[in-house]
Amino acid sequence: MAKQRESRWVKAVVASIVRPVLGAVTRSEWQGEDNIPREGGVILAANHLSMADPLTISHYLYVAGRRWPTFTAKEGVFRIPVVGAVARSTGQIPVKRGSTDAIKALQEAETALTRDGSSVIFYPEGTCTRDPDLWPMAARTGVARLALTAGVPVVPLAHWGEQHLLRYGTAKLRPFPRKRVQMAAGPPVDLSAYRGRPMTATVLREATGEIMRAITDLQAGLRGEVPPAEPYDMKKGRRTAAAGSTTPEVSAAADPADPAAAGPAAAGPAGEDGAKAAGDGGAGEHGSDGEGTPRR
């Protein structure tokens, strides 16, 4: 029997505050909500543009998908007065980065999915995209592993527009004029070819590729653009940037402290292997019209 993870009255209070605020600063265009199961454990695998998108995704899932959103959140969030109490009361999952407790967080997420029938949102990329044109990047394999272990569906979720509300790498919130935010969920990713097989690195990479292709295709539909043939690889990008430094002096001048290396911001969902939502050094907003395409 599913266990109630959240306080009903706290959920009601949070929703009554967040929904009007988002309604005031965003123009939401939602698609594909029928692809979200109304009950039972489900993983929502989403791209990550901005520190604002946990709120817009939660708004979509709660209103259109009729499910309560569960994220993994940095353990430090739970120590903040009031905020921590709200996080605990709404069923969010604490995680410590860079420790074995990250594994415990994934285990708790599995419990939330299989025992409690929760809808859990993950960012398979593990951080805000560094792709220059804000396409989804190459992802970690934790979400695929969790989906295969727990045996729950993975619903791909793509969105576009939050980067105009709060560009990552800056604290400047731009609420007005209202920003157009598009959201689309696709049918559950078919992972049947990987179930029952040993979870080797190859199997996990292939399953992860299926999930990320579904997310990227959905975002391409929202943007009306063709995605890159290969997803941006953040590790390769860092190696290329490091190789471009000619002298220690030039490197020190041209390479200020990298927010990505420093870890995520103090607040917001976080975790490891697709469970975290971390920071970005300023991915930019070029390469598109910035507003996507009209809902079809």
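Along the sequence shown, the residues carry numbers beginning at 1.
Panel note: side chain Arg167, backbone Leu173; no donor-acceptor pair is recorded below 3.5 Å. In terms of modelled atom types and a separation under 3.5 Å, the side chain of Arg145 and the main chain of Met199 share no donor-acceptor contact. Remark: side-chain polar atoms of Asp133 are not paired, donor with acceptor, to backbone N or O of Trp135 under 3.5 angstrom. Counting only distance, with no hydrogens or angles, the side chain of Glu225 and the backbone of Ala220 share no donor-acceptor pair below 3.5 Å. No side-chain donor-acceptor contact under 3.5 Å links Asn47 to the backbone of Thr216. Ser50 places a side-chain N or O within donor-acceptor distance of the main-chain N or O of Leu166, the cut-off being under 3.5 Å.
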One pair to check against side chain to side chain contact (heavy atoms under 4.5 Å, CB included): Phe122 and Leu157. What are the steps and the verdict?
CA-CA 10 Å; Phe122 288 98; Leu157 179 63; over 6 Å; no
Derivation of the side chain to side chain contact (heavy atoms under 4.5 Å, CB included) call for Val152 and Val42
CA-CA 6 Å; Val152 297; Val42 58; 5.8 Å; no
Stepwise side chain to side chain contact (heavy atoms under 4.5 Å, CB included) test for Ser7 and Thr90:
CA-CA 6 Å; Ser7 164; Thr90 55; over 6 Å; no
Quick one, Arg238 with Lys235, criterion side chain to side chain contact (heavy atoms under 4.5 Å, CB included). Give me CA distance, side-chain angles, the key distance, then yes/no.
CA-CA 5 Å; Arg238 286 176 176 172; Lys235 291 181 180 179; 5.9 Å; no
Just do the side chain to side chain donor-acceptor pair (under 3.5 Å) check on Thr129 and Asp131 with the steps written out, would you?
CA-CA 5 Å; Thr129 183; Asp131 181 89; 5.3 Å; no
Using the rule given for salt bridge (Lys or Arg N to Asp or Glu O under 4.0 Å), can you reason through Glu125 versus Arg140, listing the C-alpha separation, both sets of side-chain angles and the distance that settles it, and then say yes or no?
CA-CA 6 Å; Glu125 300 159 277; Arg140 300 165 183 253; over 6 Å; no
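Looking only at side-chain heavy atoms (C-beta outward), His159 and Leu49 come within less than 4.5 Å of each other. Contact annotation: the side chain of Phe78 never approaches that of Val83 to less than 4.5 Å [non-hydrogen atoms, C-beta and beyond]. Using a 4.5 Å heavy-atom threshold, the side chains of Thr26 and Leu165 count as touching. Side chains of Ile121 and Thr70 form no contact here, defined as non-hydrogen atoms less than 4.5 Å apart. Here the side chains of Thr56 and Met183 are in contact, with some heavy-atom distance below 4.5 Å. Within the 4.5 Å cutoff, side-chain heavy atoms of Leu146 are placed close to those of Leu113. Side-chain contact between Tyr123 and Thr72: absent, with no pair of heavy atoms (C-beta onward) separated by less than 4.5 Å. Side-chain atoms of Tyr194 and Leu148, non-hydrogen and from C-beta on, do get closer than 4.5 Å to each other.
Rounded to the nearest 0.5 Å, atoms OH (Tyr168) and CG (Asp53) are 11.0 Å apart. One finds the CD atom of Glu29 at 5.0 Å from the CD atom of Gln182 (value rounded to the nearest 0.5 Å). In this structure, CG in Asp233 is found 6.5 Å from CZ in Arg239, a value given to the nearest 0.5 Å. With rounding to the nearest 0.5 Å, the separation of OG1 in Thr141 from CD in Glu206 is 12.5 Å. Atoms CG and CG, from Leu44 and Asn35 in turn, are 10.5 Å apart once rounded to the nearest 0.5 Å. Between atom CD of residue Glu110 and atom OG1 of residue Thr149 there is a gap of 5.5 Å, rounded to the nearest 0.5 Å.
The two residues Pro231 and Pro136 have their closest heavy-atom pair at CB-O, 3.9 Å. Residues Tyr232 and Gly237 share a closest heavy-atom pair of OH-CA, 3.5 Å. The shortest non-hydrogen separation linking Ala207 to Leu191 is O-CD2, 4.0 Å. Closest heavy-atom contact between Ile36 and Gly65: CD1-CA, 4.0 Å. Pairing each heavy atom of Ala144 with each of Thr208, the nearest pair is CB-OG1, 3.4 Å. Among all heavy-atom pairs drawn from Ala45 and Pro124, the shortest one is CB-CG, 3.9 Å.
Salt bridge status for Arg5 with Glu108: present, with a side-chain N to carboxylate O gap under 4.0 Å. For the pair Lys179 and Glu162, the salt-bridge criterion is not met [side-chain N within less than 4.0 Å of a carboxylate O].
For the side chain to side chain donor-acceptor pair (under 3.5 Å) test, residues two or more places apart in sequence or in another chain that qualify with Gln219 are Arg223. The salt bridge (Lys or Arg N to Asp or Glu O under 4.0 Å) search around Arg8 returns none, not counting sequence neighbours. With sequence neighbours left out, the ring-ring contact (aromatic ring centres under 6.0 Å, His included) criterion links Trp68 to Tyr62. Residues forming a side-chain contact (heavy atoms from CB on, under 4.5 Å) with Val21 (at least two apart in sequence, or on another chain): none. Listed by chain and number, the residues in a side chain to side chain donor-acceptor pair (under 3.5 Å) with Thr200 amount to none (sequence neighbours excluded). Under the rule for a salt bridge (Lys or Arg N to Asp or Glu O under 4.0 Å), the partners of Arg213 that lie at least two apart in sequence or sit in another chain are Glu210.
Tracing side-chain contacts under 4.5 Å through hydrophobic residues (I, L, V, M, F, W, Y), one never reaches Val181 starting from Leu218; they form parts of separate clusters. The cluster map of Ile, Leu, Val, Met, Phe, Trp and Tyr, joined by side-chain heavy atoms under 4.5 Å apart, puts Trp9 and Val18 in the same cluster.
Using modelled atom types and a 3.5 Å distance limit, the side chains of Thr127 and Arg130 yield a donor-acceptor pair. Side chain to side chain, Ser118 and Asp116 fail the donor-acceptor criterion of an N or O pair below 3.5 Å.
Between His59 and Trp30, the ring planes are perpendicular. Angles over 60° get that label, and only those under 30° would be called parallel.
In the displayed structure, Arg178 atom CZ is contacted under 6.0 Å by more than 12 heavy atoms of other residues, nucleotides or ligands.
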